[in-house]
Protein chains: 2
Amino acid sequence: MWIENFSDRSYRSILKWGDKKTFHHPSAHLMEFIKETFGLSEEDITKPHLPGLSDVSIKAKPQIKEADLKQITKIVGRDNVDTSDYERARHAVSYTYRDIVDLRKGHIPYPPDAVVYPRHEKDVIEIVNYCNLKEIPITPFAGRSSVTFGVVPRKKGISLDFTRHMNKVLEIDEVNFTVRAQPGIFGPRFEEILNGYKNDRIKTGFTCGHYPQSFEYSCVGGWVMTRGAGSHSTGYGKIEDMVLAMRVVTPKGIVATRPFPAAAIGPDIDEILLGSEGAFGILTEVTLKLWPYHPENRKMFSHFFKTWEDGVLAMREIMQGDFGHPHMLRISDPEETDVAMKVQGMEGTAIDTGLRLLGYKPNKRVLLIGAVEGDRDFSRLVTKKANKIARKHGGLPLGAIAVKGYMKRRYADPYMREDLMDIGIITDTLETSCTWGNIMHVWESVRSVIKARPRTVCMVHASHAYQNGANLYFIFLSTMVKGKEEEDYTKFHHKIVDAIVKSGGSLSHHHGIGKLFTPWFADHIGPMAFGILKAIKNHVDPNYILNPGGTLGLDVKKK
Amino acid sequence: MWIENFSDRSYRSILKWGDKKTFHHPSAHLMEFIKETFGLSEEDITKPHLPGLSDVSIKAKPQIKEADLKQITKIVGRDNVDTSDYERARHAVSYTYRDIVDLRKGHIPYPPDAVVYPRHEKDVIEIVNYCNLKEIPITPFAGRSSVTFGVVPRKKGISLDFTRHMNKVLEIDEVNFTVRAQPGIFGPRFEEILNGYKNDRIKTGFTCGHYPQSFEYSCVGGWVMTRGAGSHSTGYGKIEDMVLAMRVVTPKGIVATRPFPAAAIGPDIDEILLGSEGAFGILTEVTLKLWPYHPENRKMFSHFFKTWEDGVLAMREIMQGDFGHPHMLRISDPEETDVAMKVQGMEGTAIDTGLRLLGYKPNKRVLLIGAVEGDRDFSRLVTKKANKIARKHGGLPLGAIAVKGYMKRRYADPYMREDLMDIGIITDTLETSCTWGNIMHVWESVRSVIKARPRTVCMVHASHAYQNGANLYFIFLSTMVKGKEEEDYTKFHHKIVDAIVKSGGSLSHHHGIGKLFTPWFADHIGPMAFGILKAIKNHVDPNYILNPGGTLGLDVKKK
């Protein structure tokens, strides 16, 4: 029933998440849940909706002048410029929900004029200088895992792809515990090199500790420039906590910072570039912190709680202890907990019955999972303390089992999106961060907007915790309005974002702003903060060639 | 032999560090060491050099127009404007070495025209708006502990003093573990309020964990705006790690950030304001993170090492472990270790003899001290691990005793500066941060410049450690060239700073830039980074009224 065969030149091959040969189809339990929840007909299930199977064809010809393309080709070489329809289409989209719908409809509204693969920083400098002179837009591109239109070249021009050449680890410094890397290296290769760096002193290798759900198909450059977070950020930090130095090419010149471990030399320049999402400059190199790699010391714990409030309180107390933090800590709200139990076939089993008898009831109970890495004694200590706090709040310990399931599924779950969309199901996510004092209010406010849509599933978790608050991650599933897929979705999406902002959450915790949140951004950070960003933009990119068309709202009018 | 009596209106009363009634005179051992080292005569010791005992008198009359002063007085009220010579002199200087020499000579080159005490943010807004309109310089002022001319009103105008009214804790949020405070609250009062916040849930009170050596006479506002570090920053973080939100008044309006625990909403605005040292805006409120206050759980450890290299290696390995970090970790180089043993009368004692016999020899041996706070099991674990690493590198454990001495003296030692200057001794400090890979090179390069001056003591420690490097703090003592105190010192100082920068250290780790490091600053961060700061300055303070005269080099020509 699921689509596994499609042309390598098809829209489908672009919209598919991850490896073209790898699938993670919905389980029978999940399908049962979906059929029941969304009232799907046999036809819905058997006849794929907008499968995007036709081959890519772009009607709009490149706008770039022949002479300009020739000059750019002269810089990088003929092999490193591609103007084929397929590559232009592949570089025209991110993994934002609306991009996927566009692809399914064979609609490519923003194809770049050319895809360019720089070989080294010198290429980037020459390209930026030339494009600045000729006012040709440049959109940086690597893993394309953006869910905010981050890499969509809204003003066309060139898409600068770092994954072909600028995808290396340049240096591992075992004295300083740092790595210098290029922006176009993918997560698995990056970690493989770090993990494999072993000698007499570094016995077990290194890790950077950054494992976003997009890990397999996202790159270091995207992590850095969007302020990403990995699943283990509670211990290793978000990417902004890991960056020590950067090299960023702007039309005005290169901003190069240095890997001082800390300093009091004015405002932090890295923190200006981090989150600039390609609108201030093009990252060519980054220095990141490393940790010893000790997966064998990982301790895992999980607890059921009787209520969401109990679980969140336990999570907060774990983060407000002063015994060190877990590396990963994640709590699912009642709906996510129930759905997870359903789709894993646990509903009605002895475990479920046992839980109910003990007072952990459906529609109320929540699941908290955690993992601690690093030194063996440290991971034991933090696990022990976390378990103690959990038990104080009525936690029913389940040990490592629930955590292992999560660790196994975390990269694979996004593969289901294409299948769900084939059967007419919207599946998307929005996320925010908020203080502990405001978390219940944000959860309730946003959830109520999502649940107001008929037949809509809303699963929420907090997966990144801090002393002073946590993120909230909303996964929602609903039925597409066939024929009005985009208009209907866009309205729904706007209402949810409005609710996030109005309830006092941040506009994003780790997805970033991109061109998706442009209508809210300036108001969200306030006119003074926005004015500062605009002043920087005017200075470093006076011709507005860098990732134009909405990034951080710098070149568009306010909502 | 030491001066304890002086007029409350004297220059002496301004140059004296800390409480006017509190003294910490050099011990007999220290004096013996000083006499011997610097070859002081009886006259040097008995006749104070430039004691600054006369009463303050400023010849230059305020430049501010009567009408402007009247308007400003109308904003804050008559009681909150002071144009007396004494207060103008007190607000004309920081604790930078050259300020102290100026005071000793009765020389006040940069008196503000008036000292103004705003009552609340509204006053600050009105003052900033009025001064912007009339192009009257404003220099923010609180604890005056700057050692970089931070609060010196080089362009005169008004000194805005926050210590009289805007010195409150506004709110402690026990759910979010945060505190909102005003800039003019001094360290001891701030911690007293936090420590004393107790109830059924918060049984032991809170701490902010920020204890700079200036703790007694520095304020929250200065900590934040200069990117300060406390002695326990290795565990609690530098101030930039503690700040969650700020309110900063600029001529363009108020920049107000929000206490999201983390976010991906573009560049970090707090990190632009942190370290702006009053040149981008005036801080009126800051939200900081809190920790549980558990001094009773503090564990201390100390070790002698046979060489500086061994000790630094042990320090690095402690920081590169993954078992949690100590809160305080500090190593003294051979000269600092020897001087400390001498002035504490340990030279030639049984301890000294024992150390020598065991191979811990003068001129080679170094002392590492550490402290771990927080949860009792955590502090035990980290102490155990640190001790194990230290022993591996030949550490001879001394337990808590050496740490207790440091903890007792750390706030008091600066009180000796006035006595040492009375006997013609230069005593000053410079500091930097660097990677582990570069620490020996920076130490050697900078030290060799300091030691090239005849009869000069140079004591170095690394007191703030990170995974990827540490700071180096240079304390130097030498004899003044009488009659040419400033010229001679300035030349010497420039040579040392040149050596720091040339060897690859940062221009500062926690003192900040102020107006002292202006000649190096733009080159140090690079023209592109400097251009970004200049663009921000032009935007938020187009008339250059905020802390003008060199802050971050934004309004002066390069060296």
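Chain letters run A, B, ... following the sequence lines, proteins first and then strands; every chain starts at 1.
- With chain A as partner, the option from B:His510, B:Lys385, B:His511, B:Lys384 having the largest number of non-hydrogen pairs under 4.5 angstrom is B:Lys385.
- Only the backbone of A:Glu174 comes within contact range of chain B, with at least one heavy atom under 4.5 Å from a heavy atom of that chain.
- The NZ atom of A:Lys534 sits 10.5 Å away from atom NE2 of B:His539, with the distance rounded to the nearest 0.5 Å.
- You'll find the side chain of B:Glu271 stays beyond 4.5 Å of the side chain of A:Ile272, heavy atoms only.
- Proximity to chain A (any heavy atom under 4.5 Å) is shown, for B:Thr551, by neither the backbone nor the side chain.
- Using a 4.5 Å cut-off on side-chain heavy atoms (C-beta onward), A:Leu533 and B:Ile269 make contact.
- For the pair A:Asp268/B:Leu274, no side-chain contact is recorded, criterion being any heavy-atom separation below 4.5 Å from C-beta on.
- Between the side chain of B:Asn176 and the backbone N or O of A:Trp436 there is at least one donor-acceptor pair closer than 3.5 Å.
- Side-chain N or O atoms of A:Asp322 include one that pairs as donor or acceptor with a backbone N or O of B:Asp375 at under 3.5 Å.
- Looking at A:Glu431, there are no atoms closer than 4.5 Å to chain B (heavy atoms on both sides), in backbone or side chain.
- Between A:Lys289 and B:Asn468 the shortest heavy-atom distance is CG-OD1, 3.3 Å.
- Note: B:Gly531 leads B:Ser379, B:Gly531, B:Ser233 in heavy-atom pairs under 4.5 Å with chain A.
- Note on A:Leu290, A:Leu552, A:Val175, A:Val382: by heavy-atom pairs under 4.5 Å with chain B, the leading option is A:Val175.
- Both the backbone and the side chain of A:Phe323 have a heavy atom closer than 4.5 Å to some heavy atom of chain B.
- At a 4.5 Å heavy-atom cutoff, A:His464 makes no contact with chain B through either its backbone or its side chain.
- Nearest heavy atom pair, residue A:Gln320 against residue B:Pro292, reads O-CG, 3.5 Å.
- Your options are B:Asn297, B:Asn538, B:Ile536, B:Asp241, and the one with the most heavy-atom pairs under 4.5 Å with chain A is B:Ile536.
- Residues B:Pro267 and A:Leu273 fail the side-chain proximity criterion, which asks for heavy atoms closer than 4.5 Å.
- Along residues 255-265 of chain A, the residues that come nearer than 4.5 angstrom to chain B, judged on non-hydrogen atoms, are A:Val255, A:Ala256, A:Arg258, A:Pro259, A:Phe260, A:Pro261, A:Ala262, A:Ala263, A:Ala264, A:Ile265 in order of number.
- Listed options A:Gly253, A:Gly228, A:Gly324 were ranked by heavy-atom pairs under 4.5 angstrom with chain B; first place goes to A:Gly253.
- The part of B:Lys238 that comes within reach of chain A is its side chain, from C-beta onward, which places non-hydrogen atoms under 4.5 angstrom from that chain.
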Q | Derivation and outcome, side-chain contact (heavy atoms from CB on, under 4.5 Å), residues B:Gln467 and A:Trp291 | A | CA-CA 9 Å; B:Gln467 247 175 311; A:Trp291 296 85; 3.3 Å; yes
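- Of the listed residues (A:Gly505, A:Ala229, A:Gly235), the one with the most heavy-atom contacts under 4.5 Å to chain B is A:Gly505.
- For A:Ser433, the parts sitting under 4.5 Å from any heavy atom of chain B are the backbone and the side chain alike.
- If you measure heavy-atom distances from B:Thr226 to chain A, the contacts under 4.5 Å come from the backbone alone.
- Within the 4.5 angstrom heavy-atom criterion, only side-chain atoms of A:Arg201, from C-beta onward, approach chain B.
- Minimum heavy-atom separation, A:Ile254 to B:Met528: O-CG, 3.2 Å.
- Per-residue counts of heavy-atom pairs under 4.5 Å with chain A were compared for B:Gly321, B:Cys434, B:Ala465, B:Gly526; the largest is that of B:Cys434.
- With chain A as partner, the option from B:Tyr466, B:Phe280, B:Phe517 having the largest number of non-hydrogen pairs under 4.5 angstrom is B:Tyr466.
- Of the two parts of A:Leu507, the backbone and the side chain both hold a non-hydrogen atom closer than 4.5 Å to a non-hydrogen atom of chain B.
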